[in-house]
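One structure is given below, encoded as C-alpha cells.
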Amino acid sequence: MFDIRHISRVAGAAAVGVLALGLLTAQGAAGPVTFADDAVHPGQVSSAKRTTGWLKVVLDRSRTYTVVGDGFEQSASATTRFTVPAGWYTVTAPGGTVTPGKVRVWAGTQSEVAVTFHGTPITGTAVAVGDGFACALAAGGTILCWGSNESGQLGRPDYSDYGLVDAVAGIGTATALTAGAEHACALLSDATIRCWGAVTPYSWLPTPEPVTGITTATAISGICALLSDGTVTCWGDVAVNSKGLLPVPVTGISTATAISVGHNDACALLSDGTVTCWNPWNHSAPVAVTGLSTVTAIGVGGNHACALLADGTVKCWGDNGEGQLGDGTHHKTSEPVPVRDLRHVTAISAGGNSTCAALSDGTARCWGSNDSGQLGDDTNRSASTPVSVLGVSTATAISVGDDDACALHTGGLITCWGSHHSGVVAGTYASSPSPLLVRGVRGATAIDAGDAGGIEDSHTCAVLRNGAVRCWGANDSGQLGNGTRRDSSRPVRVKGLRTAIAVSLGVGPIEAYTCSVLSGGAVWCWGANDSGQLGNGSHRRSSTPRRVKGISTAIAVSAARGHTCAVLAGGAVKCWGVNDLGELGDGSRRDSSKPVRVKSIRTATAISAGGGHTCALLSDGAVKCWGENDYGELGNGTHRRSANPVRVKGIRAATAVTASYGYSCALLSGGTVKCWGENDNGQLGDGTRRHSLKAVRVKGVRGVTAISAAGGHTCAVLSDKTAKCWGYNMYGQLGNGTSAAYDDDIQMVGRPVPVKTIHAATSISAGGPHTCALVSRGKVVCWGGNAFGQLGQTPLRWSGMPVVIEGP
C-alpha cells in the first residue's frame with residue numbers, strides 16, 4: 001500500500017510528454033554508449049574514424065522515440081533519417097515495438113528500423129495495486145480498475161475477472177484512491193468515501209457503497225481514512241448495514257499527516273515526524289515505533305512496514321523471510337533497520353513480501369520476494385537488498401501488491417510488472433518480470449474475425465475512429481495489408497487506408513483476403529486473389545490494398561470463401577470472385593474478377609457472404625439468399641442450389657443477417673434469432689443437431705442486438721451488453737472457459753452459453769477458430785484459437801476466455 005496523499009501531490013507535477021515514460025534500455029539517456037561489438041564490417045571504414053552513415057527510423061504512428069549510441073542521442077516523433085557516426089545504435093520507444101531494437105550503421109550506408117505502437121496507454125494521477133488487481137485515478141476523477149474480481153474489487157457485480165481496463169460506475173468525482181487485498185476505496189471531491197469489494201470479512205460489495213459519517217476526509221488507505229482534524233478512522237471488521245460502512249475512530253491519534261494500511265497492520269505518520277501503528281481489524285491501541293523521528297512517508301505491507309526519512313533514506317521493520325526489509329539479511333526485527341545502498345528516495349510502497357521505492361532521478365528499486373517477478377528486474381530471484389526495476393526512468397510514484405507492482409510516471413503513464421494470475425500486468429493475463437505499459441485498447445469502431453473453415457488462415461481486423469485499419473494474425477497471402485507476408489500477433493496498419501468505415505475478411509482453408517469500404521463509397525481489397533475476389537480485374541495477389549473496379553457508392557461489404565459482395569447506396573448488390581455454386585447471384589456459374597450485379601435485389605440494406613452462398617437483408621425485413629444449398633442454407637425449404645436470390649421462409653421483420661459455411665441466421669426486430677441449414681455442431685442453437693431447411697428459433701436468447709456466425713459457431717450480443725455463443729468449440733471460440741481440445745464432451749454446444757467476462761459489448765464477430773468483440777470505448781477482446789496470433793497474444797496459446805488486444 002502507499003501514501004496516497006504523497007503520490008497525488010507528486011503526480012500533479014507538469015507533464016513532459018510521452019517520452020518521459022523512459023522505457024529505455026540499460027543505457028538510459030545518460031550520454032554516450034559503448035557497445036561490446038566493435039567489429040569492422042569488411043570493406044567498410046572503421047567507426048573509430050567517425051565517418052558517417054544514415055539511420056532511418058520509420059513510424060507507423062506519431063509518437064516519440066529515442067535514438068541513443070556512439071555519442072549520439074536524439075528524440076523524434078516522425079519518420080526521420082539521421083546522419084550519424086558509424087557504429088551501433090539503440091532505438092527505444094515508450095509503448096512501442098522496435099525492429100530491430102539495436103542496429104549497426106556502416107559508413108556510407110543506410111540502416112533502417114521500424115517502430116510500431118500498440119494501443120492507447122492508460123494515463124492517470126495515481127495508481128493502487130491490491131491482491132491480483134489494480135486501479136488508477138484518471139483525468140476527470142474517474143477510477144479505472146482491472147484484474148481479479150472474485151470479491152467485486154473491480155466494482156462489477158458479476159464477480160468475474162476482467163483483463164480490460166474499465167471505469168468503476170457510481171463513484172462521482174474521485175480525488176484519491178486506495179486498494180486493499182480484495183477491495184478498493186475512492187476519496188471523492190466532497191471529502192466523502194466510497195468502497196467496493198471485500199471491504200470487510202463479512203461483506204462483499206460488488207458496487208461502490210458510502211462510508212457512513214465521513215465528510216472531512218483528506219486521505220485514504222486500505223480501510224482507514226485521515227480526517228482534516230488529524231484524526232484517523234477505520235471500518236475494520238464492522239459489517240455493512242443499510243446506511244453503508246460504519247467507521248470507528250482510532251484512539252490516541254490527533255496529529256496524523258499520512259496513513260498506510262497493510263494486510264494486518266496500519267500506521268500513521270504524525271506531524272512531529274514519528275510513526276505509530278495498530279491493528280485496524282480489532283481496533284487495538286496505537287503503539288509508537290521506536291527509533292524514527294524525521295519520517296516523511298510510510299508504507300505498510302503484509303507483515304512489514306517501511307518509512308521514508310527526510311534525508312531520502314528508508315528504514316523498515318517486521319517480517320523479513322523474503323528479504324523485504326532490504327538490509328541484506330533475513331532476520332525479522334521490531335526495530336527499524338536501514339535499507340542498504342538506497343538514497344534519494346521520493347516515494348515508497350510495501351506489498352505482501354516485497355517493497356519498492358521511487359527515486360529522485362525517476363528510477364525505481366525493489367527488494368524482497370520475487371517469485372512472480374514483482375521486483376521488476378526481469379528475473380524471479382528474490383533480493384534482500386534493492387535491485388533496479390528494468391527500464392523505469394520517470395517514476396513519480398509506486399504501488400506494490402502481493403505479487404504485482406505498478407509505477408506512475410511523469411505524464412501520467414502507468415507501467416506494471418509481476419504476476420499473470422488476474423491480469424494486473426498491462427491489462428492482460430500475461431506475466432512480466434519487467435514493466436509493461438497498461439493499455440486500454442480504444443478507438444475501434446468495427447471488427448471482423450473472418451469465417452475460416454480451419455485455422456490455417458485466421459486473422460482479425462479492426463477499423464479505428466481515425467479511419468485507419470489494423471489487422472493481426474496469419475498473413476501468408478498478404479491479408480494483413482502491410483506490404484509483407486509475415487504473420488503478426490500485434491496489430492499492424494493496413495497501408496494507404498485513411499477513411500475506412502467497415503472491414504470484412506474472406507478466409508478459407510488455403511488462402512485469405514480482406515476488403516474495406518471507405519467513407520466515399522469505394523471498396524479496396526488485399527490478399528489472395530486466385531478467384532478474382534479482390535475485384536480489380538486480375539488474379540494477382542496483393543499484400544497492399546487495391547481498389548475494386550466499378551464500385552463507388554458502397555455502404556457495406558462482405559467477403560467470404562473466394563467471393564465478395566457489396567451493398568450499394570441505392571439498395572442494389574454487386575458481387576465478384578468465385579461463382580461455381582452460384583454465389584455471385586447473377587444467374588450464372590461463371591467466376592468474375594470484376595463486380596457483377598445480383599439479380600432481383602433492389603432494396604438491400606445489409607449483406608453477408610457465407611462459404612458457398614450469400615444472403616441479403618431487404619428494407620422490408622425479408623431475407624433473400626442464393627448459391628449453395630446442400631444443407632438448406634438458403635432457407636427456402638429445399639436442397640436445390642440457386643444462382644438467383646430466393647426468399648427465406650418464415651423470416652419477417654429481420655434487422656440483421658449473417659451467413660457462414662452451410663447455415664445462416666437472422667436477427668428479428670423483437671430481439672430473437674432464427675437460424676437455418678447445417679447443424680452438425682449445434683450452430684443453429686435450437687438444442688439439436690438436426691439440419692433444418694427452414695428457419696428455427698435459437699433457444700435461450702432474448703433482447704439480442706447483434707449476431708455473427710462463422711466456422712460452425714454463432715454468437716450474439718444481448719441488450720444488457722453481455723454475449724452468448726453456441727456451436728463448435730474445439731478451440732474455445734465460445735468463450736465460456738472450455739475447449740474440446742481438453743474435453744471432447746464440450747466440442748459442440750447446441751444452446752447458447754454466456755461468454756465469460758464480457759459486460760460492455762457493442763458488436764461481435766465470429767471467426768473460424770476464434771471470436772472477437774468490440775466493447776465500450778472502442779476496446780477489442782478476442783478468444784479461441786491463436787495459432788497465428790489472431791488473439792493478439794504471444795505465446796500462441798488458445799484461450800477459452802476473452803483476452804484484451806493490445807492494439808490497435
### Minimal non-hydrogen separation, Cys195 against Leu205, with atom names
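Scanning both residues completely, I find the closest heavy atoms to be O-CD1, 3.8 Å.
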
### Query
How far apart are the closest heavy atoms of Asn370 and Gly376, and which atoms are they?
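Nearest heavy atoms, Asn370 then Gly376: OD1-N, 4.3 Å.
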
Value rounded to 0.5 Å, distance of [atom1] in [X] from [atom2] in [Y]:
X      : Y      : atom1 : atom2 : answer
Thr125 : Leu177 : OG1   : CG    : 8.0 Å
Thr655 : Leu668 : OG1   : CG    : 7.0 Å
Phe133 : His183 : CZ    : NE2   : 7.5 Å
Ile171 : Ile143 : CD1   : CD1   : 5.0 Å
Cys135 : Leu144 : SG    : CG    : 8.5 Å
Ile398 : Cys356 : CD1   : SG    : 4.5 Å

### CA sep, side-chain torsions, deciding dist, call: Cys665, Val698, side-chain contact (heavy atoms from CB on, under 4.5 Å)
CA-CA 9 Å; Cys665 296; Val698 177; 5.5 Å; no

Are [X] and [Y] packed together at the side-chain level, in the sense that at least one heavy-atom pair is separated by less than 4.5 angstrom?
X      : Y      : result
Cys267 : Thr276 : no
Leu734 : His713 : yes
Val211 : Trp235 : yes
Arg697 : Asp686 : no
Leu188 : Ile193 : no
Leu718 : Lys724 : yes
Pro210 : Thr192 : no
Asp265 : Cys277 : no

### Query
Would Trp472 and Val780 satisfy side-chain contact (heavy atoms from CB on, under 4.5 Å), going step by step from the backbone distance to the final call?
CA-CA 12 Å; Trp472 58 97; Val780 178; 4.3 Å; yes

Check whether the side chains of [X] and [Y] place a donor and an acceptor atom closer than 3.5 Å, and report yes or no.
X      : Y      : value
His263 : Asp402 : yes
Asn303 : Asn264 : yes
Asn353 : Gln324 : yes

N/O donor-acceptor pair under 3.5 Å between [X] side chain and [Y] backbone:
X      : Y      : result
Trp726 : Gln683 : yes
Ser151 : Gly197 : no
Thr705 : Ser719 : no

Would you be so kind as to tabulate the donor-acceptor pairs closer than 3.5 Å made by side chains of residues 222-234, with sequence neighbours excluded?
from: Asp229; atom 1: OD1; to: Thr231; atom 2: N; distance (Å): 3.1
from: Asp229; atom 1: OD1; to: Thr231; atom 2: OG1; distance (Å): 2.6
from: Thr233; atom 1: OG1; to: Val248; atom 2: N; distance (Å): 3.4
from: Thr233; atom 1: OG1; to: Val248; atom 2: O; distance (Å): 3.2

### Task
Run the numbers on His770 and Tyr731 for side-chain contact (heavy atoms from CB on, under 4.5 Å), then give the verdict.
CA-CA 7 Å; His770 76 297; Tyr731 305 104; over 6 Å; no

### Task
Start with the C-alpha gap between Val755 and Trp783, add the side-chain angles, then the distance that decides, and say whether side-chain contact (heavy atoms from CB on, under 4.5 Å) holds.
CA-CA 10 Å; Val755 179; Trp783 58 95; 3.8 Å; yes

